[in-house]
Each structure stands twice: as structure tokens, then as C-alpha cells.
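Everything numeric here is computed off the predicted structure, so don't read it as measured data.
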Amino acid sequence: MSENVVHLHKPTDSPTDDAAPTVLTVVPDTPPAAPVPLWVRSGRAVKTAVTHETTKTTARAVARHGLYTFNGGRIVARRAWDGKTGARYERMIRTAEAAGNLEAAEEWEERLQRFRAARHHRRMDLLHSPVEAAKGLAVGTGVSIGVLVALGVVMAINNHDVTDVITPLRATIEFIALLIRIVQVVWGPALTIGPFLALLALWTVGSKQQAAPQWALPDNVRSGEGEPITPSIVVKALRDLGVPALRNAIKEMGDAGASMLGPIRIAGCGVEVDVTLPSGVATNEVQAKRRKLAENLTRHEHEVFITIPEAARTVRLWIADSGALDEPIGPSPLVTDETMTANYKTGKAPWGQDLRGDAAAISLYQRHLLVTGLSNQGKTAALRALALWLALDRNVQFWIADLKGIGDWAVFEGIAKMLIEGPSDDHCIQATEMVEDAVEEMNWRIEAQRRDPSIVFPPLIVLVDEAQKAFMCPAKGEDKRPYGGSKATSRYFMAVREIHNQGRAVDVLMWQGTQDPTDQNLPKLVREGAHTRASLVVGTESQAEMALGAKAVNAGAAPHLLRQGLDKGTLVVASDGIAIPAGQASITVRTHFIDDEPAAEIAARAKALRDGVATLRAVDRGEERDALADVAAVLGDAPRLRTNEVLKRLHALDPGTYGDQWTNDRLKSLLEEHGEEPKKSHGVMVVHRDHVLRALANRDAEGSASAAE
């Protein structure tokens with residue numbers, strides 16, 4: 001039996017049969033949206049206008065400038081109140097007492113007493129001043145009238161006219177009347193303009209002090225400003241440092257930690273404060289938390305420096321104004337002052353600015369120098385700035401090896417007696433031989449000084465830039481001794497060590513610039529032989545210790561915390577040649593950058609101070625020497641030189657060719673061969689430049705004649 005299924009739902013699908021009728025569906029139009037009420041549209045428009053960025057900027061500007069004027073008035077009023085009363089002294093007394101510095105509090109109290117005594121004396125003088133002023137006015141008026149009448153009498157006698165007696169007096173009265181009329185004319189506008197000028201003055205004071213809330217300041221100021229450093233902020237930052245003993249000690253202090261702090265002093269583009277740590281807290285625990293401390297003070301890590309002064313259990317915090325260390329420090333005095341000179345013995349080179357904003361000048365007298373850091377951070381620029389200053393002392397001699405060889409030291413052409421430029425092993429060999437020649441010069445000076453203690457030698461600066469290449473040079477000499485390396489067999493290493501040991505006694509000084517220091521490219525004995533050690537940013541704390549020594553790093557020197565690429569030219573310096581705050585082992589210096597063009601101008605001034613220096617450049621070993629041309633080259637612009645000086649310069653030019661076999665006799669034979677010979681001047685055998693040039697001309701003429709035949 002079959003079952004019929006009855007569907008109760010009407011099918012909605014269209015029939016699929018082709019014969020099915022077409023069904024047209026009429027879709028009604030969407031009804032129009034209800035109109036938005038006027039009050040809603042008005043509210044939206046007002047909201048858009050109020051919240052628009054232009055409106056916000058305008059409102060901030062109006063509020064800012066209004067508050068500048070209002071708060072400028074408050075600042076002026078407070079300054080006036082401080083000047084008339086002892087409020088300033090009382091404020092400093094309270095600060096000293098809160099810091100537990102009773103000695104400073106007593107000093108400020110003494111100053112307050114002196115101020116009050118002086119104020120009382122001035123007030124007592126005011127009781128007598130009206131009478132004294134009246135007497136003075138009467139006497140002055142009488143004397144003036146008498147002088148004018150006397151002048152009139154003289155005029156009357158001279159002009160034979162009795163009416164001239166009162167002429168000076170009448171002219172004076174008319175002048176006074178003219179002044180009164182001028183005041184009458186100006187008084188009205190002055191009363192109108194005066195209030196506006198006063199408001200402008202108040203606005204100027206307020207704008208300079210940024211006397212407005214943070215929300216009203218411009219975007220660039222608001223984003224760059226951190227919180228002002230106050231005692232409460234410093235204590236809170238220390239409390240939240242994560243050192244349990246320090247946190248607990250601050251909680252137990254009755255003054256909430258104020259006694260730990262010394263006075264907060266303005267120091268350049270920041271502030272400085274000494275913090276005496278409570279018992280149980282070591283200074284290195286605070287040093288290790290530098291980043292957290294900086295962030296607690298709303299600063300970046302590079303804007304907070306922690307050093308260890310002489311006082312026990314004390315750390316010295318220097319906190320920069322936000323963004324201040326990213327601002328340039330301005331040009332070097334060497335560039336701006338064309339009259340500047342140098343003095344090797346008593347002068348100091350203008351190197352840059354310290355963190356306080358004070359000029360950082362360094363003495364180079366009898367000090368070996370080492371500048372190190374990562375690549376492309378300003379090492380060569382820092383070295384060259386010192387050399388350019390010292391070149392302004394005409395007595396200083398330079399032997400320079402630039403093992404980078406891209407022209408950074410080309411401006412010393414005509415200043416340096418020897419200039420090696422190039423990165424190859426041959427250039428490293430030549431630099432090594434240059435340093436060995438300096439050792440010979442040093443030994444000769446020592447022997448000469450032993451015979452005559454009164455003798456004085458010109459300073460000789462032996463400068464090797466990119467010295468790590470000399471230490472890493474793999475070449476060996478004929479005696480199988482390596483040029484590079486850090487062992488006793490290394491020629492460069494031993495030559496530098498000898499200059500470090502004895503050079504300063506006869507003013508032969510070693511300056512080195514090296515990058516990315518390691519024990520291989522900067523041996524311990526060499527880096528510790530430098531009296532002035534400076535480091536740009538380095539990668540690790542161990543490299544910082546290599547650059548500056550463990551003592552300086554343990555006392556807070558932190559070149560490894562400088563920012564690579566951002567702190568170019570910023571050096572951490574350990575030296576007794578630069579003023580370092582008492583108790584610190586190093587100082588951070590932001591050096592002036594001297595570009596190539598101004599460097600060339602400074603070098604030109606240095607050349608003008610000298611009689612003319614023939615710069616000897618190293619050449620390839622395979623090149624055959626022209627001895628006569630070399631003699632002319634080493635003479636340079638000098639009209640004549642002693643024969644031993646010529647031989648010394650020839651040896652510096654090419655030690656391999658002009659070695660010990662070159663003597664006075666050989667030099668004499670060379671000149672006689674071409675029709676000239678050395679002659680005596682004041683009892684000393686000399687070589688004349690004109691004679692050598694004439695010999696060269698004769699030889700060239702003979703050569704031309706032979707070629708023609």
C-alpha cells in the first residue's frame with residue numbers, strides 16, 4: 001500500500017519546467033532615510049571643530065602665550081621678592097638641612113645675617129637721605145647758577161654788552177622748557193604703549209623659562225622634555241631601583257631619604273647631585289642599574305652618568321636635560337679664531353666640551369697618546385684636531401703614518417717631515433721602520449743630552465693612525481723577525497715600547513689611533529704605556545677596560561654604553577693632562593669636528609709659521625732611487641742644510657737605500673760627480689740648494705746632448 005506525502009510548506013523555488021510561466025517580482029523602492037535633526041548635525045559640527053588638530057593647536061598656543069605672560073609676572077615678582085628679602089637664603093638653608101649638610105646650612109645662615117645687616121643699614125640711611133638730598137640739591141642749584149652767571153659776565157666783558165650776563169642762564173631755562181614740552185608730547189603715547197611693553201617683557205621672561213604646563217607646550221618641546229630633576233624624584237628613582245637594602249633604608253628614614261642627597265647643582269646641559277648611600281648598599285649596585293635609574297628619572301640611558309667620587313659610599317649622578325646631548329656643540333676655536341697659536345709646553349689644545357658645557361682643553365706636553373674605539377666613530381677626527389692645534393707651534397715636528405690611506409692626513413703635506421699613506425703590508429712595514437727611526441732619534445737625543453744636559457730638542461710627534469694594522473701585519477724581515485705581533489720579536493711592538501719607556505724624556509712622543517681593541521691588535525703593554533687614553537664607543541666592557549684601564553671603568557667610565565652612530569666624536573678620557581672633577585678617574589668629552597676644508601685652512605696657517613718643510617713620502621722598494629733628485633727633495637725650500645741633516649733626511653726617506661753606508665764622503669762624491677761639492681758655512685759643512693739644482697740642470701743638459709748624438 002502506497003502512502004501519499006502531503007507537503008505543508010509552499011515551495012519557494014521557481015519551477016524548472018521550460019513551459020512554466022515567467023513570474024515578475026516587483027521590489028518596492030527603499031524608503032528615504034529619516035532626516036537628521038538640526039541639533040544633531042550642529043552637535044557633530046561643533047565636535048568636529050573642537051576636536052580638530054588645528055583647533056587644539058590654536059587653543060594650546062593661546063593658553064601657552066597667556067600663561068607665559070602670567071607666569072612671567074610670577075617669576076619677576078618672585079625675583080623681586082628674593083632680591084628684597086632673605087627668602088632665597090632661607091630656602092637654601094632648608095635645602096641644606098634636608099640634605100643633612102649642616103656646614104652648608106650654617107654658611108647660608110651667616111650670609112642671611114649679613115644680608116639683613118646690610119638691609120638694616122640701608123633703611124637707616126633712608127631716614128637721613130631726604131635732608132641730605134635737599135641740601136645737595138640746593139647747593140648744586142646755587143653752584144650751577146653761579147657758574148652760569150660767571151660765564152655770562154665773561155661773555156659781557158668780551159662782547160661789551162651788559163645784557164649777555166643773563167644769556168647762559170636764559171639759554172638753560174629755555175632748554176629746560178624744551179625738555180618739558182618733549183615730555184608733554186611723549187607722555188601720552190608712553191602711557192598707552194607702556195603697559196603693552198610691560199606685558200611683552202613678562203611674556204619674554206615666561207617664554208624663556210617655558211613657564212607653561214606640558215600640555216600647552218609645542219609638540220617638539222613636549223616630546224623632548226623630561227621631568228625636572230627634584231630631590232623627591234631622585235629619591236623615588238633610587239627607591240624603585242630594585243635594590244632591596246636601598247629601598248628598605250629609604251622607607252626607614254625619617255626624612256624620606258632627603259638626607260642621602262647633596263645639593264642639586266646645575267652642570268652644563270644638565271644637573272649633578274651626590275648621593276650618599278646607606279649602610280649595606282654598594283656603589284656598584286647602583287652603577288649596574290644605570291638604565292633602570294635613567295628610566296626612573298624619565299631619561300634615556302645615555303643621558304645619565306654615574307661616577308664614584310672620593311667620598312666613601314657615594315655616587316655622583318649627572319643627569320642631562322632631555323635631548324640636550326643630541327644637540328651639536330658648535331665649531332672648534334681653531335676654526336673660528338684665526339689668530340690662535342699653540343705652545344707645546346704650556347698650552348692646552350681646545351678639544352671640545354665636557355658634559356657641564358665647559359671647554360675641555362688638554363695638555364699634550366710629554367704625554368704619549370692612545371685613541372681607540374669602533375670604526376667610523378670619529379677617531380681620526382679627534383686625533384687630527386689635536387695635531388692641527390699642535391702644528392701651530394712651529395717647533396713641533398711630525399712623522400705620520402696613515403694606514404687607512406684615504407687622505408685624512410693629506411693636509412699635513414708640508415708640515416710633517418714624513419707622511420706614509422696606505423693600507424698595504426708595505427705601508428705597515430714603512431710605518432714600522434719610521435717608528436724604529438724614531439727610536440734611533442730618541443737614542444741619539446739621549447746620548448747628546450747625557451753629554452750636554454742643557455741641550456733642548458724640538459718635540460717630535462710620531463703618529464700612527466689605524467695602528468691595529470701594524471700590530472696585525474704578517475710580513476717578516478730578512479732576519480725572520482715579524483713586523484707585527486705582540487711578542488718580544490715583533491719589530492713594531494718593541495719600537496713602540498722603547499719610545500714609551502724613554503721617549504718623553506727627550507720629547508719623542510708616540511700617538512696611536514686604533515679601532516675595536518683586542519689583546520691581539522692592541523697589546524697590554526702598549527696600551528698601558530700611554531699617558532693619555534681616550535675611547536669612543538666600544539662594544540663591550542672588557543674593551544672599555546682595554547681602552548681606559550680597569551681603574552677608570554670601575555670608577556664609572558663607560559665608553560661601552562655610548563651609542564654607536566649617535567655619539568660620534570664623544571670620548572671618555574683618562575689623563576692627567578685634562579681637568580677631571582675631583583674624585584673621578586675620567587671625563588666625557590664631546591669633541592669639536594673639523595671638516596676637511598677648515599682643516600686645510602688651519603694647516604695653511606701652520607705652514608705659514610714654518611720656514612718650509614719638505615715632506616718625505618715612502619715609495620715602493622723596487623723603485624730605483626735618483627740620489628741627486630732625492631738630495632734636492634730633502635732640501636725642500638731651505639737655502640742650505642748641514643750635511644748630517646741631509647743624511648738624516650735621506651735615511652728617513654728610504655732607510656734601505658740610504659743606510660749606514662751613506663756618509664759625508666759619499667754625499668760629497670755624489671755632488672763632485674756632477675760638478676758641485678759641499679762647502680763650509682760658519683765652520684760647518686753644508687749643502688747649498690742652488691748648487692744641487694745647478695747640478696741637476698747640468699746633468700739633464702748632458703743627458704739631452706747625449707741623446708741628440
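- For Ser586 (side chain) and Ala574 (main-chain N/O), no donor-acceptor pair under 3.5 Å exists by modelled atom type.
- Within the structure, the salt bridge (Lys or Arg N to Asp or Glu O under 4.0 Å) test picks out the following pairs touching residues 563-582 (sequence neighbours left out): Asp326-Arg563, Arg367-Asp576, Arg563-Asp567.
- With sequence neighbours excluded, no residue satisfies salt bridge (charged side-chain N to carboxylate O under 4.0 Å, His left out) with Arg119.
- Of the possible polar contacts, none joining the Arg299 side chain to the Ala294 backbone as a donor-acceptor pair under 3.5 Å is found.
- Closest non-hydrogen pair, Gly73 versus Leu202, comes out as CA-CD2, 3.7 Å.
- In this structure, OG1 on Thr591 lies 6.5 Å from CD1 on Ile329, to the nearest 0.5 angstrom.
- Looking at Asn248, its side chain does come within 3.5 Å of a backbone N or O of Pro244 through a donor-acceptor pair.
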Please walk me through it: do Leu536 and Thr372 pass side-chain contact (heavy atoms from CB on, under 4.5 Å)? CA-CA 6 Å; Leu536 297 135; Thr372 187; over 6 Å; no
Apply side-chain contact (heavy atoms from CB on, under 4.5 Å) to Leu548 and Val572, showing your working. CA-CA 8 Å; Leu548 300 176; Val572 183; 3.6 Å; yes
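- Between Val235 and Leu238 there is no side-chain heavy-atom pair separated by less than 4.5 Å.
- Within a 6.0 Å radius of CD1 in Ile266, other residues, nucleotides and ligands contribute 12 heavy atoms or fewer.
- Residues that satisfy the salt bridge (charged side-chain N to carboxylate O under 4.0 Å, His left out) test with Arg114, not counting sequence neighbours, are Glu110.
- One side chain, His65 or Trp203, offers a donor N or O that lies under 3.5 Å from an acceptor on the other.
- Considering all non-hydrogen atoms of both residues, Pro350 and Ser332 come closest at O-OG, 4.3 Å.
- In this structure a side-chain-to-backbone donor-acceptor pair under 3.5 Å is present from Trp351 to Ala382.
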Residue pair Gln515, Leu374: steps toward the side-chain contact (heavy atoms from CB on, under 4.5 Å) verdict: CA-CA 5 Å; Gln515 62 176 257; Leu374 296 181; over 6 Å; no
Please step through side-chain contact (heavy atoms from CB on, under 4.5 Å) for the pair Val273 and Trp318, ending with a clear verdict. CA-CA 7 Å; Val273 58; Trp318 185 86; over 6 Å; no
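- Taken to the nearest 0.5 Å, the CG atom of Leu392 stands 11.5 Å off from the CG atom of Asn343.
- Taking Glu109 as the reference, nothing meets the salt bridge (charged side-chain N to carboxylate O under 4.0 Å, His left out) condition, with sequence neighbours excluded.
- Residue pairs meeting the side-chain hydrogen bond (donor to acceptor under 3.5 Å, both in side chains) criterion with at least one partner in residues 284-296, sequence neighbours excluded, are Arg291-Glu301.
- Annotation for Ile580 and Ile587: closest pair CG1-CG2, 4.0 Å, computed over non-hydrogen atoms.
- Considering every non-hydrogen atom in both Ala544 and Val538, the closest pair reads N-CG2, 3.8 Å.
- Pairs of residues two or more places apart, or lying in two chains, that qualify as salt bridge (Lys or Arg N to Asp or Glu O under 4.0 Å) and include a residue from residues 228-237 are Lys236-Asp240.
- Residues satisfying the ring-ring contact (aromatic ring centres under 6.0 Å, His included) criterion with Phe70, sequence neighbours excluded, are absent altogether.
- Summarising the local packing, CZ of Arg265 is surrounded by more than 12 heavy atoms from other residues, nucleotides or ligands at distances under 6.0 Å.
- You'll find the side chain of Val371 stays beyond 4.5 Å of the side chain of Gln512, heavy atoms only.
- Residue pairs meeting the ring-ring contact (aromatic ring centres under 6.0 Å, His included) criterion with at least one member in residues 527-555, sequence neighbours excluded, are His368-His531.
- At distances below 3.5 Å, at least one donor-acceptor pair connects side-chain atoms of Gln366 with backbone N or O atoms of Arg504.
- For Tyr344, the ring-ring contact (aromatic ring centres under 6.0 Å, His included) test picks out Tyr365, with sequence neighbours left out.
- Looking at Thr588 and Leu571, their side chains never come closer than 4.5 Å, going by heavy atoms from C-beta outward.
- A distance-only check finds a donor-acceptor pair linking the side chain of His592 to the backbone of Gly330 [under 3.5 Å].
- For His300, the ring-ring contact (aromatic ring centres under 6.0 Å, His included) criterion is met by His302, not counting sequence neighbours.
- In this structure, OG1 in Thr514 is found 11.5 Å from CE in Met546, a value given to the nearest 0.5 Å.
- Using a 4.5 Å heavy-atom cutoff, the side chains of His120 and Arg123 are not in contact.
- Here CH2 of Trp511 is found 5.0 Å from CG of Leu386. Values are rounded to the nearest 0.5 Å.
- With contacts defined as side-chain heavy-atom distances shorter than 4.5 Å, the pair Met510/Leu369 does not qualify.
- For the pair Leu364 and Ala349, the tightest heavy-atom approach, listed with the atom from each and the gap, is CD1-CB, 4.4 Å.
- Expressed to the nearest 0.5 Å, how far CD1 of Ile578 lies from OG1 of Thr532 amounts to 8.5 Å.
- Counting only heavy atoms from C-beta outward, the side chains of Ile233 and Leu297 approach each other to under 4.5 Å.
- Among residues two or more places apart in sequence or in another chain, the side-chain contact (heavy atoms from CB on, under 4.5 Å) test is passed with Val143 by Val139, Val147.
- Within the structure, salt bridge (Lys or Arg N to Asp or Glu O under 4.0 Å) pairs that include any residue of residues 527-545 comprise Asp519-Arg527, Lys524-Glu528 (at least two apart or interchain).
- Here the CD1 atom belonging to Ile319 is positioned 4.5 Å from the CD1 atom belonging to Ile229, to the nearest 0.5 angstrom.
- Smallest separation of non-hydrogen atoms from Leu522 and Pro517: CD2-CB, 3.8 Å.
- For the pair Thr314 and Ile308, the minimum side-chain heavy-atom distance is 4.5 Å or more.
- The shortest side-chain heavy-atom distance between Ile250 and Met260 falls under the 4.5 Å cut-off.
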